[in-house]
Amino acid sequence: MTALGPRPGPRTERLALPGVLSPEQVLSTVESIAAVQHPDGAIPWFRGHHLDPWDHIEAAMALDTAGEHERATAAYRWLVRHQNPDGSWYAAYPDTPDGVAAADPTDRGRESNFCAYVAVGAWHHYLSTGDDAFLDGIWPTVFAAVEFVLGMQQSGGQIGWRRGADGTIDSDALLTGSSSVYQALRCALAIAEHREEPQPDWELSAGLLGHAIRHHPERFLDKRRYSMDWYYPVLGGALTGAAAKERIEEGWDRFVVPGLGVRCVSPNPWITGGESCELALALWAMGESDHAVDILRWIQRPLRAEDGMYWTGYVFEDDAVWPEERTTWTAGSLLLAVAALGGDEATTAVFGGEGLPRGLDSDCCG
């Protein structure tokens, strides 16, 4: 992989957001993510911590927004090499002094949204690069991952959240995870459509899942205390228009701390960077860019570190960062949010969703 340049270039200038990030600050954030990446492409949370597939992909997508396509490609090649025969990845791989030890995962469970997210990353990378050879090469990986995930779909459309190490499916569904899977299915369908390889079973599954998210909250575990369950149906694209606006307005006062960011869990006095940046993305998708910029501006003081990385969270009653870790996925979610606000075509496509297939309409069904 090539080294990053010493000065901001056109890509980092385009990611700059007045009042939030300067081009120099963007560059330091990109460099800090790149510094965590191993030569084989693996991107753990931070050096010495574990890697999980979802956050690995989030960081790779952020690298693509900054034009670091070679690094992003290496991250996807890592996934191709370490995919299990059933199409899955394990939930956690350790980061050792010798790198990420994929042969000895620390969590042999396989989580549905972790596995599905490769479709979002692959489509984003293709839209960022126009690399048809990449898309051809990763298609079998995406296909196998989607088939694995849809093997966990329940009769009501929701997706079981995890398959245990013994192969048993936990049929309980998480609204956040299923909403992420919904976005991934739409990206997978976009890839299939681009390749002229229609997948009618996927279309049906996406339609059933979207219907469950929109109309059947009882099919998901009750996690209303968590802000992700509040905004993820909007971020994942299942809720749009008036329904999205109503949902965000309903939870705003419960989760948003003006001047600081977004609570991870209500009513705990803890704002987190990942949730704040994801809400900003959801707000942008709703056409609420001014509110999105406000959120991103607020988190800079408590969460941005000197090296350009971001602390995971901040306990405002104690004026303390917690936990004391700076994570690639938090920085990655920030870069994706500013990329969307700046009009980056690949990022707006996968998070705006206007050009993504929605699957077969199941809203006529019970």
Side-chain angles (χ1 to χ4, degrees), residues 12 14-30 32-33 55 58-59 62 65-66 176 225-232 234-235 244-245 247-344 347-348 351:
T12 52
R14 185 161 56 168
L15 286 175
L17 189 62
V20 178
L21 290 178
S22 68
E24 291 78 15
Q25 289 174 318
V26 172
L27 181 62
S28 67
T29 299
V30 175
S32 292
I33 295 174
D55 290 308
E58 187 87 338
T65 67
T176 294
R225 294 180 59 234
Y226 294 83
S227 60
M228 286 193 296
D229 263 31
W230 163 53
Y231 63 74
Y232 239 96
V234 179
L235 180 61
K245 184 176 179 62
R247 187 176 185 89
I248 294 302
E249 288 179 347
E250 181 277 329
W252 187 269
D253 291 340
R254 189 164 69 253
F255 291 112
V256 175
V257 183
L260 287 177
V262 178
R263 297 178 196 261
C264 179
V265 184
S266 177
N268 295 0
W270 180 44
I271 61 103
T272 45
E275 279 78 357
S276 297
C277 296
E278 287 180 340
L279 176 62
L281 266 173
L283 290 167
W284 164 81
M286 294 167 52
E288 300 283 348
S289 293
D290 288 346
H291 289 314
V293 172
D294 285 342
I295 298 284
L296 297 179
R297 187 178 69 250
W298 293 345
I299 67 171
Q300 299 305 311
R301 182 192 65 78
L303 295 182
R304 185 174 176 87
E306 291 184 1
D307 64 356
M309 289 292 274
Y310 284 79
W311 299 102
T312 298
Y314 172 73
V315 182
F316 49 87
E317 285 189 353
D318 298 334
D319 189 25
V321 296
W322 184 84
E324 292 189 9
E325 58 185 33
R326 302 186 303 277
T327 45
T328 52
W329 50 268
T330 301
S333 66
L334 183 282
L335 292 179
L336 287 169
V338 298
L341 284 159
D344 178 72
T347 307
T348 58
F351 289 103

Chemist: Can you measure from OG (Ser32) to CG (Leu27) and round to the nearest 0.5 angstrom?
Modeler: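 Those atoms lie 9.0 Å apart.
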Chemist: Under the salt bridge (charged side-chain N to carboxylate O under 4.0 Å, His left out) definition, can you give me all pairs with a residue in residues 286-305, not counting sequence neighbours?
Modeler: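 Those involving residues 286-305 are Lys245-Glu288, Asp294-Arg297.
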Chemist: Identify, with sequence neighbours excluded, every residue that meets salt bridge (Lys or Arg N to Asp or Glu O under 4.0 Å) alongside Glu306.
Modeler: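 If we apply the salt bridge (Lys or Arg N to Asp or Glu O under 4.0 Å) test to Glu306, skipping adjacent residues, there are no hits.
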Chemist: If only atom types and distance count, is the side chain of Ser227 paired as donor or acceptor with the main-chain N or O of Arg263 below 3.5 Å?
Modeler: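 A pair under 3.5 Å: yes.
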Chemist: Which residues pass the salt bridge (Lys or Arg N to Asp or Glu O under 4.0 Å) test with Arg247, sequence neighbours left out?
Modeler: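 Listed in chain order: nothing, the list is empty.
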Chemist: Where do Pro302 and Val321 come nearest, in terms of heavy atoms and distance?
Modeler: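 Heavy-atom minimum between the residues: O-CG1, 3.7 Å.
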Chemist: Looking at CG of Leu281 and OG1 of Thr348, how far apart are the two atoms once the value is rounded to the nearest 0.5 Å?
Modeler: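 Here the rounded value is 11.0 Å.
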Chemist: Enumerate, atom names and distances included, each donor-acceptor pair closer than 3.5 Å involving a side-chain atom of residues 250-259, sequence neighbours excluded.
Modeler:
unit_1: Glu250; atom_1: OE2; unit_2: Arg254; atom_2: NH1; d: 3.0

Chemist: Please list all pairs meeting salt bridge (charged side-chain N to carboxylate O under 4.0 Å, His left out) that have one or both residues in residues 270-281, counting only residues at least two apart or in different chains.
Modeler: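 Qualifying pairs, neighbours excluded: none.
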Chemist: How would you list all residue pairs meeting side-chain hydrogen bond (donor to acceptor under 3.5 Å, both in side chains) that involve residues 328-342, not counting sequence neighbours?
Modeler: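 Listed once each, the pairs are Thr327-Thr330.
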Chemist: Any ring-ring contact (aromatic ring centres under 6.0 Å, His included) involving residues 298-324? Give me the pairs, sequence neighbours left out, ordered by first then second residue.
Modeler: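 Checked against ring-ring contact (aromatic ring centres under 6.0 Å, His included) - neighbours excluded - the pairs reaching residues 298-324 are Trp270-Trp322.
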Chemist: Kindly write out the residues that satisfy side-chain hydrogen bond (donor to acceptor under 3.5 Å, both in side chains) with Thr176, not counting sequence neighbours, or none if the list is empty.
Modeler: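 Once residues adjacent in sequence are excluded, the partners of Thr176 under the side-chain hydrogen bond (donor to acceptor under 3.5 Å, both in side chains) criterion are Asp229.
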Chemist: Sequence neighbours left out, what passes salt bridge (Lys or Arg N to Asp or Glu O under 4.0 Å) with Glu317? Give chain and number order.
Modeler: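 Glu317 satisfies salt bridge (Lys or Arg N to Asp or Glu O under 4.0 Å) with no residue once adjacent residues are dropped.
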Chemist: Please check: side-chain N/O of Thr272 versus main-chain N/O of Thr312, any donor-acceptor pairing under 3.5 Å?
Modeler: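 Not confirmed, Thr272 side chain does not pair with Thr312 backbone.
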Chemist: To the closest 0.5 Å, what do you measure between CD (Gln25) and OG1 (Thr12)?
Modeler: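 It comes to 11.5 Å.
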Chemist: Less than 4.5 Å apart, side chain to side chain, heavy atoms only: is that true for Val293 and Trp284?
Modeler: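 No, their side chains stay 4.5 Å or more apart.
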Chemist: Side chain to side chain contact (heavy atoms under 4.5 Å, CB included), that's the test. Do Leu341 and Val20 meet it? Break it down for me.
Modeler: CA-CA 11 Å; Leu341 284 159; Val20 178; over 6 Å; no
Chemist: What are the two closest heavy atoms between Cys277 and Ile299, and how far apart are they?
Modeler: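 Taking every non-hydrogen atom into account, SG-CD1, 3.7 Å.
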Chemist: If we only count heavy atoms from C-beta on, is the Ser276 to Leu296 side-chain gap below 4.5 Å?
Modeler: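 Side-chain contact under 4.5 Å: no.
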Chemist: What pairs meet the salt bridge (charged side-chain N to carboxylate O under 4.0 Å, His left out) rule with one or both residues in residues 318-340, with sequence neighbours excluded?
Modeler: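 For residues 318-340, and leaving out neighbouring residues, the salt bridge (charged side-chain N to carboxylate O under 4.0 Å, His left out) pairs sorted by first residue read Asp307-Arg326.
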Chemist: Please enumerate all residues that pass salt bridge (Lys or Arg N to Asp or Glu O under 4.0 Å) together with Arg225, with sequence neighbours excluded.
Modeler: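 Scan of Arg225 (salt bridge (Lys or Arg N to Asp or Glu O under 4.0 Å), adjacent residues dropped) gives none.
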Chemist: To the nearest 0.5 Å, what is the distance between CD (Glu58) and CG (Leu336)?
Modeler: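 It is 5.0 Å, given to the nearest 0.5 Å.
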Chemist: So which atom in Ala280 and which in Ala337 form the shortest heavy-atom distance, rounded to 0.1 Å?
Modeler: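 Between these two residues, the closest heavy atoms are CB-CB, 4.4 Å.
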Chemist: Quick check: closest heavy atoms across Ala62 and Gly332, and the distance to 0.1 Å?
Modeler: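 Answer, listing the atom of Ala62 first, then Gly332: CB-CA, 3.5 Å.
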Chemist: Can you check whether Val338 reaches Thr65 side chain to side chain, under 4.5 Å on heavy atoms?
Modeler: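 No; the side chains remain at least 4.5 Å from each other.
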Chemist: Would you say Leu21 and Leu334 make side-chain contact, with heavy atoms under 4.5 Å?
Modeler: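 Yes; the side chains approach each other to less than 4.5 Å.
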Chemist: Nearest 0.5 Å, please: how far is CG in Leu303 from CD1 in Ile271?
Modeler: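 These two atoms lie 4.0 Å from each other.
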Chemist: Are Trp230 and Leu279 close enough that some pair of their side-chain heavy atoms sits under 4.5 Å apart?
Modeler: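 A side-chain contact under 4.5 Å exists here.
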Chemist: Taking only residues two or more places apart in sequence, or in another chain, which ones meet Ala282 in a side-chain contact (heavy atoms from CB on, under 4.5 Å)?
Modeler: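 Listed in chain order: Val234, Leu235.
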